[in-house]
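Owing to the predicted nature of the structure, the values given are computational and were not obtained by experimental measurement.
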Amino acid sequence: MGKIRNNQINRLFLQYNIRLDIQQVKIRGFRHYEIRNIFMEKTPVAFEIQRLELFLSVWTLIKERSIRNALNITLDKLQLTYHRFGKDAGKPNVLSPDVRKITAEWEGIYYRKYEKIINAFFSFIPERVVIRELKVQLPQRDLYVLSSVECIVNKKDRSVTAAIDRIETQTGNCLSPFSVSHVSICFKQEEIAQGGKVINWMVRSTDLRIQHQAIGAAPLLISNFDAELNINFTPTSLVVTKESGGNINQIPFAFQFHHDLVEKDILKFIFHVELDFNLFKSSFPAFHVKAIETVTTEGNLLIRSRLMFSIKDPMQHFFELKVLKNDLVIDDPGELDLSYLEAPFVHRVIRNNAFLREIWVGDLNSNFVKIEDFPAQMIPIIIFCEDPNFYQHHGLDVFFVGRAIVSNLVERKFKRGASTITMQLVRNLFLNHEKNLYRKIEEIILSLLIENYFRIPKARLLEIYLNIIEFGPDVYGIKEAAMFYFKKSLPALTMTEYIIMMYIIPRPIHFHEALVSQSPQLFTNLKNHVQWLSQHLRTRQTLTDEEFEKVMSDIETISQTRSIILRDPDIHQLPDLLRVDLSINNSINTRNDLHWAYPLHEEKMPKVNLKKIASADVRKEYIHHIVEWLDVENSRRYAIQGKTTYCNIYAYDVVSCLGAYIPRVWWNEESVRKIKKGIRVPVVYAKTVFEMNCNALAEWFLSYGSCFGWKQVFDLAEMQSLANEGSIGIIVAQRNELSEPGHITVVLPETAAVKAQTCEKEIICPVQSQAGMKNLRFFNGDAWWQDAARFGKYSFWVWDL
């Protein structure tokens, strides 16, 4: 037929900016008409119909004098394409600060637009429409395919019934992220007083399948879904009545909604669900923690949630989560036994299905910190930042759940998760860090079981959490983090450093990457966080005014220097001020057994500074030469005397000959305080300085090691690798009973004869040299420091060249 050229029709289409093309019209008889290849466009929407068939009932036309009621329509391959889909499309401005404007939008736009659409629908759509294939194409969105649609319209009752055989969405060649086998929809509208409407929607579907990253890696499968929605609709209110509800996989639910502009524009939601845990479990394709599936229960939970907030100020809200009936009983936890968390255990760190490391959560781990050993001021800061109601809730914090719901509604995306410390612990112990519905539900289930069924004490939960959480690449637990970021032991951290720790916890990897790249934005964000948090802590009297001012001063320094390592004003002078040795005693040499507190002094004694040697091979030669010269296996200076051994003396001699420093004598606490204040303190044996045994050296390394060029490492492979490059390492361990001797060994480069001991290509014991019960120049024996019956904690150190 070509383009329509009737002038009146053309003027009409031009007025409404409509373009219509029809390729062919066939009249198959008085009752049957066929139109092929129809294209109609009104920016930004386009319709394409391959074939449209019209069936005219002459008797109905004569009887009712209405061509709409006399026509039945069948469409083949209708495709609707929407060309423009902006980020704000379809999002009403519900967050406008002016309630009167919202009222005007509701009455002048939404209500009237609804009226216009409904009236047009019932005026022009025939009583029966069949669409054999419908496609809806949105830009940068999925393609929706409805294989068959049949729609029955009853103008008299103002009702519509639609049956859809199958709905699918397709994205390229990917698996359909959404599909449903059959959907039936019923719509009915009745008029009420003052221009209001009563609307009833009923939806039933079978074999609903949804696959989306917001839900989880596996698709959500709903075998049966029924819902009924009863709405009272007026120009000033929208009310979903209490009769609304349905069931998902036989789990019943009910909900209500109320929006009344007269009532200060408050939105009210009420949701009820009767939860059968066994039915609930069967709704999931697979739990990450498979043992959840073995839990058996009896009885149900009837839960009600209520949420109210103002459109004008959504964060001023009320949320309630209440158990109306609870006869749910866990018959058997099955394979899910979480009681082991109360005792020491091994935590395996797994990321992206790859095993990274093991963490012993107990005293055998030298980096483990008991809850009672944490600095007193740190715990309140952690609780305030991570979970303010930690000691009040039972795994789930209702207040923050409400805040998260409102926040996500405002942001129109899943941004806030309302995780408690228990939930974060569950995520780190058992789950992954993906943000999706499956993981959040598993978090909630496991958290509630841990606190309410297995009743793990709060103190133990907090202790585990602080010892296993990630702070950076291969940095786990707060003690490792203190040394990694600040080169300090945990007790030595300042208030500013506590607060910076709180900034790191939610974003460890991003923080470390930004710190390494010296991102200006990092230090801007960090400064804002520290200032905000410090002000809140001062308001809560967690910080004194003096501490607050110190934190403000520190963060200014951090912003200017772009370094989070804070030192006292004269800290850079500490190695010069604090380094101490007894005066040279010419009688001390490797062949006598007296005066171990004094350094060696021999005319031909080899000494070198490894930092001044560029070649790794030359450094290794010097290290091996000095070890041979000291001759630990034969020298009287290190010979065992009864039960007395001299591992600390030997370690001191080795590192001294190589230009490094560990103390043989060290200042008492009063002397250290004076020296830091600039007061000169004389070296007086047994008065201002005392001899350092291995137990004291273990503490010295943590407190002062970094000031003297020692870097703590946490991996034996890294330690041996650095030693092979010509550095020296130290392994030091403290005894459980401090009255008993600790131990220290020097880690050396591998030789042709002695290599590091490995197991499945992992180094389990580096090359060492020691004085002790056995004096050995080179050995790679068992991992002595892991003898938990003897040693309470240990650490690895490398002299940083």
Side-chain angles (χ1 to χ4, degrees), residues 90-92 94 106-107 109-122 125 136 144 146 149-164 167 178 180-208 210 220 222-261 263 265-275 283 302-309 311 405 408-409 412 437:
K91 296 179 180 179
V94 297
W106 180 266
E107 295 179 352
I109 299 176
Y110 304 127
Y111 184 81
R112 292 180 185 176
K113 186 173 287 188
Y114 169 80
E115 278 284 290
K116 186 177 179 180
I117 292 171
I118 289 297
N119 289 335
F121 181 86
F122 282 109
I125 298 298
V136 182
Y144 295 78
L146 287 74
V149 181
E150 182 176 359
C151 183
I152 305 298
V153 179
N154 189 319
K155 182 178 180 182
K156 181 178 179 181
D157 292 342
R158 304 285 277 188
S159 66
V160 180
T161 302
I164 304 169
I167 303 175
F178 175 87
V180 60
S181 294
H182 181 79
V183 180
S184 61
I185 303 171
C186 296
F187 169 88
K188 188 173 182 180
Q189 175 181 292
E190 297 179 5
E191 305 290 332
I192 58 175
Q194 299 179 348
K197 309 278 187 293
V198 174
I199 302 166
N200 177 267
W201 282 91
M202 293 183 67
V203 179
R204 288 187 174 182
S205 69
T206 57
D207 299 329
L208 176 62
I210 305 172
L220 175 64
I222 299 176
S223 56
N224 292 284
F225 173 78
D226 297 326
E228 181 174 354
L229 193 65
N230 293 285
I231 305 171
N232 290 339
F233 191 74
T234 74
T236 59
S237 69
L238 175 64
V239 178
V240 177
T241 67
K242 63 182 180 180
E243 290 80 14
S244 301
N247 69 78
I248 301 174
N249 286 350
Q250 300 180 347
I251 299 174
F253 65 90
F255 56 89
Q256 297 171 247
F257 170 78
H258 186 91
H259 177 207
D260 193 334
L261 295 171
E263 293 185 5
D265 204 31
I266 298 292
L267 296 181
K268 302 177 183 177
F269 298 86
I270 301 177
F271 182 80
H272 290 75
V273 61
E274 186 168 356
L275 193 63
S283 299
L302 180 59
I303 303 170
R304 180 184 69 183
S305 63
R306 288 197 301 159
L307 174 64
M308 293 188 292
F309 66 90
I311 293 177
I405 292 171
N408 294 334
L409 287 173
R412 299 182 178 94
L437 179 65

- Taking all atoms of both residues into account, what is the closest heavy-atom pair of Asn247 and Pro252, and its distance? CB-CA, 3.9 Å

- Interatomic spacing from CZ in Phe271 to CG in Leu307 - rounded to 0.5 Å: 13.0 Å

- Task: Specify the closest pair of heavy atoms between Asn249 and Ser223, including all atoms of both residues, with the distance to one decimal.
- Result: OD1-N, 2.9 Å

- Might you point out which heavy atoms bring Phe253 and Ala227 nearest each other, and give the distance in Å? CZ-CB, 4.4 Å

- Query: If we only count heavy atoms from C-beta on, is the Asn232 to Thr234 side-chain gap below 4.5 Å?
  - Reply: no

- Query: Nearest 0.5 Å, what's the CG-NE2 distance between Leu267 and His258?
  - Reply: 9.5 Å

- Query: Is any side-chain heavy atom of Leu229 closer than 4.5 Å to a side-chain heavy atom of Phe255?
  - Reply: yes

- Task: Identify the two heavy atoms, one from Glu274 and one from Ile251, that lie closest to each other, and give their separation to 0.1 Å.
- Result: O-CG2, 3.4 Å

- Note on the structure: One should read off an interatomic distance between Ser305 OG and Phe269 CZ, to the nearest 0.5 angstrom, of 10.5 Å

- For Gln250, does the CD atom have more than 12 heavy-atom neighbours from other residues, nucleotides or ligands under 6.0 Å away? no

- Message: Rounded at 0.5 Å granularity, tell me how far NE2 in His182 sits from OG in Ser205.
- Response: 9.5 Å

- Say you draw a straight line from CZ of Arg204 to CG of Asp226; how long is it, rounded to the nearest 0.5 Å? 5.0 Å

- Query: Taking the side chain as C-beta and beyond, is there a heavy-atom pair between Lys268 and Ile270 under 4.5 Å?
  - Reply: no

- Quick one: do Lys197 and Glu190 make a salt bridge, cutoff under 4.0 Å? no

- Item | For the student: nearest non-hydrogen atoms of Leu238 and Phe233, plus distance | CD1-CD1, 3.3 Å

- Query: Is the CZ atom of Arg158 crowded by more than 12 outside heavy atoms at less than 6.0 Å?
  - Reply: yes

- Check: Thr161 and Ser184 side chains under 4.5 Å, non-hydrogen atoms: no

- Nearest-0.5 Å distance that lies between atom CG in Asn200 and atom OG in Ser244: 8.0 Å

- Over all heavy atoms of both residues, which pair between Val180 and Thr206 is shortest? Give the atoms and the distance, please. CG2-O, 3.3 Å

